[in-house]
Amino acid sequence: MPGNRKGRGPETGPRAVVLDIEGTTGSLSHVRDVLFPYARRRIAPWLAAHRGTAPWRQILGAVTAHTGAAHDEASALVLLEEWADADVKAAPLKTLQGLIWADGYAAGELNGHVYPDVPPALRHWKTQGTGRFIYSSGSVAAQRDWFGHTAHGDLRPLLDGYFDLTTAGPKTDADSYRAIAADVGHAPADLLFVSDVGAELDAAAEAGWHTGAVRRPGDARPAVPGHEAAASLTPFLSPPGPDTSAAPGDTHAGGPSDE
């Protein structure tokens with residue numbers, strides 16, 4: 001695994017940056033304390049209200065495909081609620097959550113949390129001609145809604161694309177990052193992935209990407225294993241020197257360094 005890529009961008013800057021959402025560009029607590037409960041309370045009502053429609057058939061079909069067994073609404077509901085309670089990264093649940101959240105955004109009941117350093121970082125990369133993408137376990141539709149309804153306005157014009165579990169694959173699988181590299185049309189060595197999860201960063205590094213870890217101030221989780229983590233996206237805006245992974249004063253110690 002190309003561990004010497006961890007925490008560093010390409011020497012001349014990345015051709016494209018791929019960003020995680022939860023804990024990286026947006027608050028993890030907003031997802032856990034606001035969005036997840038909002039969707040959990042509405043799973044059964046949503047299925048009942050959309051019974052027989054194309055979206056309803058899509059969800060039941062996705063549950064069937066995911067489990068390899070046929071499901072009616074009642075049995076699918078049981079699984080979807082179990083997955084929600086256990087925070088299982090199951091594609092059918094993520095799709096349904098996105099549909100429920102879309103209604104909440106449209107009604108003005110929800111917003112997507114984005115840290116204040118994110119919009120200027122996206123504008124900087126856009127000015128530099130650097131591609132800007134999102135990769136999250138949440139559905140592509142949910143990602144678009146998140147960035148379309150922020151306290152900083154609609155940030156979707158600053159983004160070039162989105163990837164999720166159905167379009168790229170699991171975030172801890174190196175093949176997912178190979179698929180993304182092929183889709184955006186750049187060599188892995190020209191790409192930077194930024195996340196708050198060590199296993200995701202390790203998978204990207206295994207695929208040949210450069211990686212950057214983030215641990216936001218106030219995040220009570222332990223340090224990112226094996227990675228020195230920056231406190232914001234700012235350190236990743238310019239290529240760091242060969243012996244640094246983030247700007248001084250803007251890092252949190254991670255696990256043992258592999259540099």
Side-chain angles (χ1 to χ4, degrees), residues 14-26 31 35-36 39 54-68 76 79-80 83-84 87-103 105 112 114 118 122 125-126 130-150 154-197 199-212:
R15 299 289 298 277
V17 177
V18 179
L19 304 168
D20 171 55
I21 295 182
E22 296 178 33
T24 302
T25 56
V31 178
L35 294 186
F36 281 176
W56 178 87
R57 291 193 297 272
Q58 176 192 11
I59 295 300
L60 265 61
V63 172
T64 294
H66 187 83
T67 61
L79 280 177
L80 289 163
W83 291 339
D87 190 18
V88 175
K89 308 299 184 185
L93 172 64
K94 295 303 177 182
T95 298
L96 178 55
Q97 287 173 330
L99 292 170
I100 293 172
W101 292 333
D103 293 338
Y105 287 118
V114 171
V118 174
L122 293 174
W125 282 317
K126 184 174 183 177
T130 303
R132 302 151 319 280
F133 299 87
I134 301 298
Y135 180 25
S136 175
S137 58
S139 68
V140 165
Q143 296 174 36
R144 289 196 180 105
D145 281 333
W146 176 288
F147 286 98
H149 301 81
T150 81
D154 185 352
L155 301 181
R156 289 173 295 185
L158 297 176
L159 293 166
D160 292 319
Y162 310 81
F163 297 95
D164 63 13
L165 300 179
T166 63
T167 60
K171 296 184 72 180
T172 57
D173 188 336
D175 283 342
S176 300
Y177 299 89
R178 296 185 182 103
I180 291 174
D183 192 283
V184 302
H186 295 306
D190 292 327
L191 299 173
L192 171 66
F193 176 59
V194 184
S195 175
D196 62 318
V197 178
E200 296 176 2
L201 297 168
D202 292 341
E206 181 180 343
W209 290 48
H210 294 269
T211 61

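Everything numeric in this text was worked out from a predicted model, so none of it was measured.
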Expected output: side-chain Thr150 to main-chain Phe147 donor-acceptor under 3.5 Å
no

Arg132 (side chain) donor-acceptor with Val17 (main chain) under 3.5 angstrom:
no

Backbone N or O of Leu191 within a donor-acceptor pair of the His186 side chain at under 3.5 Å?
no

Does the side chain of Ser176 come under 3.5 Å of the side chain of Asp173 through a donor N or O and an acceptor N or O?
no

Does Thr95 use its side chain to pair, donor to acceptor, with the backbone of Ala91 at less than 3.5 Å?
yes

Which atoms form the tightest heavy-atom contact between Ser139 and Gly98, and what is the distance?
OG-CA, 3.8 Å

So, Ser136 and Gln143: side-chain donor and acceptor under 3.5 Å apart, yes or no?
no

Rounded to the nearest 0.5 angstrom, the CD1-OG1 distance for Ile180 and Thr167 is 7.0 Å

Any donor and acceptor pair, going by atom type alone, linking the side chain of Asp160 with main-chain N or O of Gly131 inside 3.5 Å?
no

Between Leu122 and Lys126, does a side chain to side chain contact (heavy atoms under 4.5 Å, CB included) hold up when you go through it step by step?
CA-CA 6 Å; Leu122 293 174; Lys126 184 174 183 177; over 6 Å; no

Quick check: Tyr162 with Tyr135 (ring centres under 6.0 Å apart)?
no

Can you confirm whether Phe163 sits close enough to Val184 that some side-chain heavy atom of one is under 4.5 Å from a side-chain heavy atom of the other?
yes

Non-hydrogen side-chain atoms of Asp175 and Arg178 separated by less than 4.5 Å
yes

Measuring only between side-chain heavy atoms, which start at C-beta, is Val18 closer than 4.5 Å to Trp209?
yes

Of all heavy-atom pairs between Val118 and Thr25, which one has the smallest distance, and what is that distance?
CG2-O, 3.6 Å

Strictly distance-based, threshold 3.5 Å: is any side-chain N or O of Trp101 a donor or acceptor partner for the main-chain N or O of Leu35?
yes

Evaluation steps, side chain to side chain contact (heavy atoms under 4.5 Å, CB included), between Leu80 and Ile59:
CA-CA 10 Å; Leu80 289 163; Ile59 295 300; 4.0 Å; yes

Should Asp196 and Glu22 count as side-chain neighbours, where that means a heavy-atom distance under 4.5 Å?
no

Quick one: does Thr67's side chain have a donor or acceptor within less than 3.5 Å of a partner on Val63's backbone?
yes

Note: Ala16 and Phe133 closest approach over all heavy atoms is CB-CE1, 4.0 Å

Take Trp83 and His66 through the test ring pair (Phe, Tyr, Trp, His ring centres under 6.0 Å) and record every step on the way to the result.
CA-CA 12 Å; Trp83 291 339; His66 187 83; 5.2 Å; yes

Compare every heavy atom of Ala199 with every heavy atom of Thr172, then report the nearest pair and how far apart it is.
CG2-CB, 3.8 Å

In terms of heavy-atom contacts, Val194 and Thr24 come closest through O-CG2, 3.7 Å

Donor-acceptor contact present, side-chain Gln97 to main-chain Gly138, <3.5 Å:
no

I'd like to know if Lys171 and Asp20 make a salt bridge, using a cut-off of under 4.0 Å between side-chain N and carboxylate O.
yes

Scanning both residues in full, the closest heavy-atom pair of Leu201 with Phe193 reads CD2-O, 3.7 Å

